[in-house]
Amino acid sequence: MSFNDETAIISWRKIPNLKCDVVSPNSYSPLRHNATLIFFSTTVDTKFASISVAEAKIHNHFAPTPSQLLKHPLAALAFVPRDAALFAAGAFAGAAAKTFTAPLDRIKLLMQTHGVRVGQESAKKAISFVEAITVIGKEEGIRGYWKGNLPQVIRVIPYSAVQLFAYELYKKLFTGQNGELSVVARLSAGAFAGMTSTFITYPLDVLRLRLAVEPGYRTMSEVALCMLREEGFASFYKGLGPSLIAIAPYIAVNFCVFDLLKKSLPEKYQKRTETSILTAVLSASLATLTCYPLDTVRRQMQLRGTPYTTVLEAFAGIVARDGVAGLYRGFVPNALKTLPNSSIKLTSYDIVKRIIAASEKEFQSITEENRNKQKNVNNQ
């Protein structure tokens with residue numbers, strides 16, 4: 001037996017030797033998502049023990065017309081699958097943020113890797129923020145500040161898209177039966193999202209680093225061929241371990257604090273752009289201060305000819321050579337880069353999510369209006 005209405009199709013499936021409550025077909029509520037409901041009892045015998053509710057589908061004649069879409073253009077966005085829209089939003093947000101902060105990232109990389117690049121004898125003399133700016137400008141000109149940015153943008157488009165999209169998926173996965181998402185679940189979702197995106201795009205990150213700090217290379221393909229010829233395929237994943245260790249707590253803290261800070265505010269402030277910017281800055285600051293030493297270890301392990309083979313060995317070597325301050329080498333330009341980077345990325349993504357929600361609401365409003373008009377015509 002089956003029946004349907006304008007939004008759902010319900011079918012009854014026979015399950016032998018089961019006892020269940022009799023459920024009236026007239027008592028169901030249309031659902032938007034796939035579901036299976038089983039009702040058990042010890043008193044009433046029936047042949048039907050399961051209800052399957054198919055995903056709601058809006059009939060074409062209720063969808064907005066072209067003239068309605070011209071009046072309400074935002075509703076047209078609802079035709080784009082939500083997951084695809086969120087994925088594209090993450091990609092755009094990441095690319096814009098990375099290009100804007102590329103010069104600070106290049107300066108940070110030079111400061112982080114200075115000791116390994118110049119050799120052990122000169123390693124104790126660190127390069128300062130101002131010196132790094134001067135060296136790049138003098139040797140490479142204005143374009144030097146964006147050297148290595150193309151592979152970084154190519155990397156960050158899938159990286160940011162996968163990271164933000166995966167975070168939404170992991171949050172759904174870790175949501176409890178009561179529909180609540182605990183702090184531990186948020187941290188876990190952020191950690192897994194960070195590791196997923198890092199693993200997928202790690203080879204591009206290594207290429208970007210080599211192109212940015214090692215002399216003699218001009219193109220990404222030249223770096224890749226040289227690495228394959230001289231170091232083998234494994235060189236593309238050198239330093240992956242500390243990268244995963246570094247990114248997991250960073251993204252976990254960053255995303256979790258961002259969500260919790262916004263959630264703690266009154267609802268009227270949660271949807272304001274300045275709120276997103278402020279919470280993004282605060283969450284990024286805390287995450288950067290906590291996790292930066294692991295990033296320094298990761299960068300030095302990625303370099304060709306690095307003396308370090310394990311994370312603990314790198315920690316000990318950096319502290320022995322430069323002291324604890326060596327773990328925070330390049331922290332200032334990194335912080336200056338991270339704050340606008342995170343603010344642009346999370347704020348852009350947050351705004352797009354609100355636009356998507358608004359488009360869905362407007363689409364539903366027009367659809368309901370069309371449905372009511374049809375009912376009025378049928379009643380005449």
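Here the shortest heavy-atom pairing between Gly144 and Ile136 reads C-CG2, 3.7 Å. Between Leu261 and Ser264, the shortest heavy-atom contact is O-OG, 2.7 Å. Considering every non-hydrogen atom in both Pro340 and Phe100, the closest pair reads CB-CE2, 4.2 Å. Between Leu69 and Ala76, the shortest heavy-atom distance links the atoms CD2-N, 3.9 Å. Listed here is the closest heavy atom pair of Gly194 and Gln163: CA-NE2, 4.3 Å. The minimum heavy-atom distance linking Thr279 with Phe258 is given by the pair OG1-CE1, 3.2 Å.
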Does Leu204 form a side-chain contact (heavy atoms from CB on, under 4.5 Å) with Tyr159? I'd like the steps, not just the answer.
CA-CA 10 Å; Leu204 285 170; Tyr159 177 81; over 6 Å; no
Are Glu362 and Leu77 close enough, and set up right, to give a side-chain contact (heavy atoms from CB on, under 4.5 Å), and what steps lead you there?
CA-CA 10 Å; Glu362 193 163 306; Leu77 183 59; over 6 Å; no
As a quick check of understanding, evaluate side-chain contact (heavy atoms from CB on, under 4.5 Å) for Lys345 and Leu164, giving each step before the final call.
CA-CA 10 Å; Lys345 184 169 72 173; Leu164 292 167; 4.2 Å; yes
Derivation of the side-chain contact (heavy atoms from CB on, under 4.5 Å) call for Lys375 and Arg371
CA-CA 6 Å; Lys375 286 182 179 179; Arg371 182 184 288 111; 4.0 Å; yes
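The shortest side-chain heavy-atom distance between Glu222 and Leu207 does not fall under the 4.5 Å cut-off. Side chains of Pro64 and Thr367 form a contact here, defined as non-hydrogen atoms less than 4.5 Å apart. The shortest distance between side-chain heavy atoms of Thr65 and Gln68 falls below 4.5 Å. A 4.5 Å side-chain heavy-atom check between Phe315 and Leu327 finds at least one atom pair inside the cut-off. Proximity of Val162 to Phe87: side-chain heavy atoms (C-beta onward) are separated by under 4.5 Å at one or more points. Considering only heavy atoms from C-beta on, Tyr328 stays 4.5 Å or farther from Thr296 through its side chain. Contact of the Phe255 side chain with the Leu346 side chain is registered, since non-hydrogen atoms from C-beta on lie closer than 4.5 Å. Contact annotation: the side chain of His72 never approaches that of Ser359 to less than 4.5 Å [non-hydrogen atoms, C-beta and beyond].
Residue-environment remark: OH (Tyr237) exceeds the threshold of 12 foreign heavy atoms within 6.0 Å. Counting non-hydrogen atoms of other residues, nucleotides and ligands closer than 6.0 Å to CZ of Phe331 gives a total above 12. Counting non-hydrogen atoms of neighbouring residues, nucleotides and ligands closer than 6.0 angstrom, the CZ atom of Phe174 exceeds 12 such neighbours.
Contacts of Lys98 classified as side-chain hydrogen bond (donor to acceptor under 3.5 Å, both in side chains), with partners at least two apart in sequence or in another chain: none. For Thr290, there are no side-chain hydrogen bond (donor to acceptor under 3.5 Å, both in side chains) partners at least two apart in sequence or on another chain. Legend: residues meeting salt bridge (Lys or Arg N to Asp or Glu O under 4.0 Å) with Lys353, ordered by chain and number and at least two apart, are Glu168. For Glu274, the side-chain hydrogen bond (donor to acceptor under 3.5 Å, both in side chains) partners at least two apart in sequence or on another chain are Arg272.
Side-chain heavy atoms closer than 4.5 Å link hydrophobic residues (I, L, V, M, F, W, Y) into clusters, and following such links, possibly through other members, connects Leu104 to Ile142. In terms of hydrophobic clustering, with Ile, Leu, Val, Met, Phe, Trp and Tyr side chains grouped at heavy-atom distances under 4.5 Å, Val281 and Ile344 are assigned to different clusters. Under a hydrophobic-cluster definition in which Ile, Leu, Val, Met, Phe, Trp and Tyr are linked whenever side-chain heavy atoms come within less than 4.5 Å, directly or via other members, Val352 and Val156 are assigned to the same cluster. Leu260 and Tyr349 fall into different hydrophobic clusters, where Ile, Leu, Val, Met, Phe, Trp and Tyr are joined by side-chain heavy atoms under 4.5 Å apart, directly or via other members. Note on Phe199: it clusters hydrophobically with Phe233, by side-chain heavy-atom contacts below 4.5 Å among ILVMFWY residues.
Residues Lys271 and Asp350 are not paired through a salt bridge, judged by the lack of any N-O separation under 4.0 Å between the basic side chain and the carboxylate. Salt-bridge formation is detected for the pair Arg210/Glu231: a Lys NZ or Arg NE/NH1/NH2 atom is positioned less than 4.0 Å from an Asp or Glu carboxylate oxygen.
With Tyr145 as the aromatic partner, Arg106 does not meet the cation-pi criteria of under 6.0 angstrom to the ring centre and within 45 degrees of the ring axis.
Without hydrogens or angle criteria, Thr198 side chain to Met195 main chain gives no donor-acceptor distance under 3.5 Å. Judged by distance alone, with hydrogens and angles left aside, the side-chain atoms of Asn254 form no donor-acceptor pair with the main-chain N or O of Tyr250 at under 3.5 Å. One N or O on the side chain of Asn370 and one on the backbone of Ala63 form a donor-acceptor pair closer than 3.5 Å. Here the side chain of Tyr292 pairs a donor or acceptor atom with the backbone of Gly330 at under 3.5 angstrom. Looking at Ser160, its side chain never comes within 3.5 Å of a backbone N or O of Ile157 through a donor-acceptor pair. Judged by distance alone, with hydrogens and angles left aside, the side-chain atoms of Gln270 form a donor-acceptor pair with the main-chain N or O of Leu265 at under 3.5 Å. Looking at Thr288, its side chain never comes within 3.5 Å of a backbone N or O of Ser285 through a donor-acceptor pair.
Rounded to the nearest 0.5 Å, atoms CD1 (Ile351) and CD1 (Ile356) are 12.0 Å apart. Atom CD1 of Ile366 is separated from atom CD of Gln364 by 10.5 Å, given to the nearest 0.5 angstrom. Distance check, rounded to the nearest 0.5 Å: CD1 of Ile318 to CE of Met301 gives 9.5 Å. Distance CD1/Ile251 to OG/Ser342: 8.0 Å, rounded to 0.5 Å. Taking CZ from Phe236 and OH from Tyr202, the interatomic distance works out to 12.0 Å, rounded to the nearest 0.5 Å. With rounding to the nearest 0.5 Å, the separation of OG1 in Thr134 from CD in Glu131 is 7.5 Å.
Ring centroid separation for the pair Phe79 and Phe363 comes in under the 6.0 Å cut-off.
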Do any side-chain atoms of residues 178-190 form donor-acceptor pairs under 3.5 angstrom with protein atoms, and if so which ones, sequence neighbours left out?
from   : atom 1 : to     : atom 2 : distance (Å)
Asn178 : OD1    : Glu180 : N      : 3.0
Ser182 : OG     : Ala185 : N      : 3.1
Arg186 : NH1    : Asp259 : OD2    : 3.3
Ser188 : OG     : Val184 : O      : 2.9

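The list of salt bridge (charged side-chain N to carboxylate O under 4.0 Å, His left out) pairs with a residue in residues 308-319, not counting sequence neighbours, is empty.
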